[in-house]
Amino acid sequence: MKLVALDLQYFAGEKTEKATPKKRSDARKKGQVAKSQDVNTAIGLLAVFMFLLFAGTYLLQKLVSILKHSFQNYMLMDVTEESVYMILIELLKELVLFVGPIMLVALLAGVAANYLQVGFLFSTETLQVKLEKIDPIKGFKRIFSIRSVVEFLKSILKICIVGIITFLIIWNSLYEILTLSQKSIGAALAFLANLTVQMGLYAGGALLFLALLDYLYQKYDFEKNIRMSKQDIKDEYKNSEGDPLIKSKIKQKQREMAMSRMMQEVPNADVIITNPTHFAIALRYDETKFDAPFVVAKGVDFVAQKIKLVAKENDVIMIENRPLARALYSQTDIGDVIPEEFFKAVAEILAYVYRTKNMVK
């Protein structure tokens with residue numbers, strides 16, 4: 001029996017269940033999401049080289065403008081503190097116009113890549129200082145973990161693929177490269193720029209394909225890490241919905257309090273209509289509250305017996321009327337005025353009750 005109990009405890013603690021929406025939400029708040037950094041790199045690389053492909057003419061003109069401006073104007077100026085400061089400011093402005101668009105494209109590509117993977121997410125959890133991050137033992141384990149081995153193999157694969165692509169592009173353009181010395185400087189620079197953009201686009205495309213595979217792996221690894229055991233799910237339910245045992249006790253206490261309040265109203269009733277054993281309905285007529293009699297207490301079986309006991313102790317008249325007791329119990333709640341269809345029957349009962357009370361007096 002002990003072995004069976006231990007086996008059940010082991011399987012209950014094994015993380016085999018998919019994460020609940022709450023677990024996913026909590027993980028997201030902590031910044032734990034399925035994300036591949038390779039996707040950001042590949043999309044950023046492709047975006048930059050695509051921009052260079054379409055905006056190459058603008059960048060070339062801007063670069064030539066900077067060089068001409070530098071050699072024609074700045075080389076002939078006297079070197080003073082004011083002139084150096086002026087030259088620095090003007091060159092910085094020119095460089096911003098040259099480098100700024102490239103950096104902006106890279107920034108937008110990075111934001112778009114992150115949004116495509118995880119949507120809008122802001123979390124400061126990953127920025128918090130944790131002592132476990134500087135624990136040398138845990139750091140050593142991270143270095144030699146399966147994940148680090150996978151990352152190392154991914155890096156080797158990316159280097160090999162980029163190297164092969166670069167080699168093939170250079171090999172196919174080998175004749176043009178060897179004849180660069182016979183071309184003008186402008187033509188040679190244009191050819192090298194075109195060759196660089198070509199290598200960047202092909203390499204970016206290959207890295208994007210690998211990044212998509214890496215994203216699928218990261219998603220699988222993330223789902224595996226946030227799996228829950230059956231016990232985890234039970235504990236989460238208890239924490240979010242409350243312990244069922246405590247909830248049942250609270251409901252029981254609420255029922256007891258409601259019954260106590262109801263029993264306090266029984267002595268004020270004018271009549272108790274009974275089944276006679278299964279149902280009991282306590283009615284009261286107060287013209288200052290309602291135009292018709294209303295229910296102050298009702299019950300079945302044990303509660304009905306309790307109502308009759310309290311009524312007997314307080315000399316409240318009990319009338320047996322099985323059809324009326326059943327109908328009132330099923331069609332009214334405590335505090336409700338009786339339905340119009342029962343006015344005549346209840347009026348006759350109350351008239352009899354009032355006559356009886358007057359005779360006693």
Quiz item: Any salt bridge between Arg24 and Glu223, counting N to O under 4.0 Å?
Solution: yes
Practice problem: Check whether any side-chain heavy atom of Leu157 sits under 4.5 Å from a side-chain heavy atom of Lys154, and report yes or no. | Solution: no
Quiz item: What is the distance from atom CZ of Phe294 to atom CD1 of Ile334, rounded to the nearest 0.5 Å?
Solution: 12.0 Å
Quiz item: Does the Asn225 side chain pair with the main chain of Asp221, one donor and one acceptor, at a distance under 3.5 Å?
Solution: yes
Quiz item: How would you list, by chain and number, every residue that makes a salt bridge (charged side-chain N to carboxylate O under 4.0 Å, His left out) with Asp315, sequence neighbours excluded?
Solution: none
Quiz item: Could you give the distance from CG (Asn321) to CD (Glu348), rounded to the nearest 0.5 Å?
Solution: 10.0 Å
Quiz prompt | Shared hydrophobic cluster for Val197 and Phe54 (ILVMFWY, side-chain gaps under 4.5 Å) | solution = yes
Quiz item: Distance from Thr179 atom OG1 to Leu174 atom CG, nearest 0.5 Å?
Solution: 9.5 Å
Quiz prompt | Inter- and intrachain pairs under ring-ring contact (aromatic ring centres under 6.0 Å, His included), touching residues 174-204, at least two apart | solution = none
Quiz item: Side-chain donor-acceptor pair under 3.5 Å between Asn40 and Gln117, yes or no?
Solution: yes
Self-check item: Closest approach of Asn314 to Val310 (non-hydrogen atoms, all atoms of both residues)
Solution: ND2-O, 2.7 Å
Practice problem: State, with a plain yes or no, whether a side-chain heavy atom of Ile43 is found less than 4.5 Å away from one of Leu208. | Solution: yes
Quiz item: So which heavy atom on Leu350 is nearest to which on Asp270, and how close?
Solution: CD2-CB, 4.0 Å
Practice problem: List the atom of Ala269, the atom of Ile272, and the distance in Å for their closest heavy-atom pair. | Solution: CB-CD1, 4.2 Å
Exercise. Report yes if the side chains of Lys18 and Arg227 come closer than 4.5 Å at any heavy-atom pair, otherwise no.
Key: no
Quiz item: Any side-chain heavy atom of Asp333 within less than 4.5 Å of one from Asp336?
Solution: yes
Quiz item: Any chance NZ of Lys312 has more than 12 other-residue heavy atoms, nucleotides or ligands included, within less than 6.0 Å?
Solution: no
Quiz item: Would Thr274 and Ile319 count as a side chain to side chain contact (heavy atoms under 4.5 Å, CB included) if you check the C-alpha gap in whole Å, the side-chain angles of each, and the deciding distance to 0.1 Å?
Solution: CA-CA 6 Å; Thr274 65; Ile319 303 295; over 6 Å; no
Quiz item: Between the main-chain N or O of Asn275 and the side-chain N or O of Arg322, is there a donor-acceptor pair closer than 3.5 Å?
Solution: yes
Quiz item: What distance do Tyr217 atom OH and Leu210 atom CG have between them, rounded to the nearest 0.5 Å?
Solution: 15.0 Å
Practice problem: Using the rule that two of Ile, Leu, Val, Met, Phe, Trp, Tyr join whenever any of their side-chain heavy atoms come within less than 4.5 Å, decide whether Ile165 and Ile177 are in one cluster. | Solution: yes
Quiz prompt | Heavy-atom pair of closest approach, residues Gly44 and Ala109 | solution = CA-CB, 3.8 Å
Quiz item: From Leu97 CG over to Leu92 CG, what is the distance, rounded to the nearest 0.5 angstrom?
Solution: 11.0 Å
Self-check item: Verify same cluster id: Leu104, Val48 (apolar side-chain graph, 4.5 Å)
Solution: no
Quiz item: With hydrophobic residues grouped by side-chain heavy-atom distances under 4.5 Å, do Phe343 and Val271 end up in a single group?
Solution: yes
Quiz prompt | Cluster check Tyr115, Leu107: I/L/V/M/F/W/Y, side chain < 4.5 angstrom | solution = no
Quiz prompt | Heavy-atom pair of closest approach, residues Lys35 and Gln218 | solution = O-CG, 3.6 Å
Self-check item: Stepwise side chain to side chain contact (heavy atoms under 4.5 Å, CB included) check, Leu52 with Phe49
Solution: CA-CA 5 Å; Leu52 292 176; Phe49 277 101; 4.0 Å; yes
Quiz item: For Met50, does the CE atom sit with more than 12 other heavy atoms under 6.0 Å from it, leaving out its own atoms?
Solution: no
Quiz prompt | Audit row: Leu195, Ile169, side chain to side chain contact (heavy atoms under 4.5 Å, CB included) steps and yes/no | solution = CA-CA 8 Å; Leu195 191 66; Ile169 292 175; 3.6 Å; yes
Quiz item: Do Ile281 and Val295 have side chains that get closer than 4.5 Å, going by heavy atoms?
Solution: yes
Quiz prompt | Heavy-atom check, side chain of Val303 versus side chain of Met262, under 4.5 Å | solution = yes
Quiz prompt | Worked verdict on Leu201 versus Leu53 for side chain to side chain contact (heavy atoms under 4.5 Å, CB included) | solution = CA-CA 9 Å; Leu201 290 175; Leu53 179 65; 4.0 Å; yes
Exercise. Answer whether the closest heavy-atom distance between the side chains of Leu309 and Glu313 falls below 4.5 Å.
Key: yes
Quiz item: When rounded to the nearest 0.5 angstrom, what is the spacing between OG in Ser184 and CG in Leu180?
Solution: 10.5 Å
Practice problem: Over all heavy atoms of both residues, which pair between Lys298 and Ile307 is shortest? Give the atoms and the distance, please. | Solution: C-CD1, 3.5 Å
Quiz item: Taking C-beta and beyond as the side chain, do Phe51 and Leu59 meet within less than 4.5 Å on heavy atoms?
Solution: yes
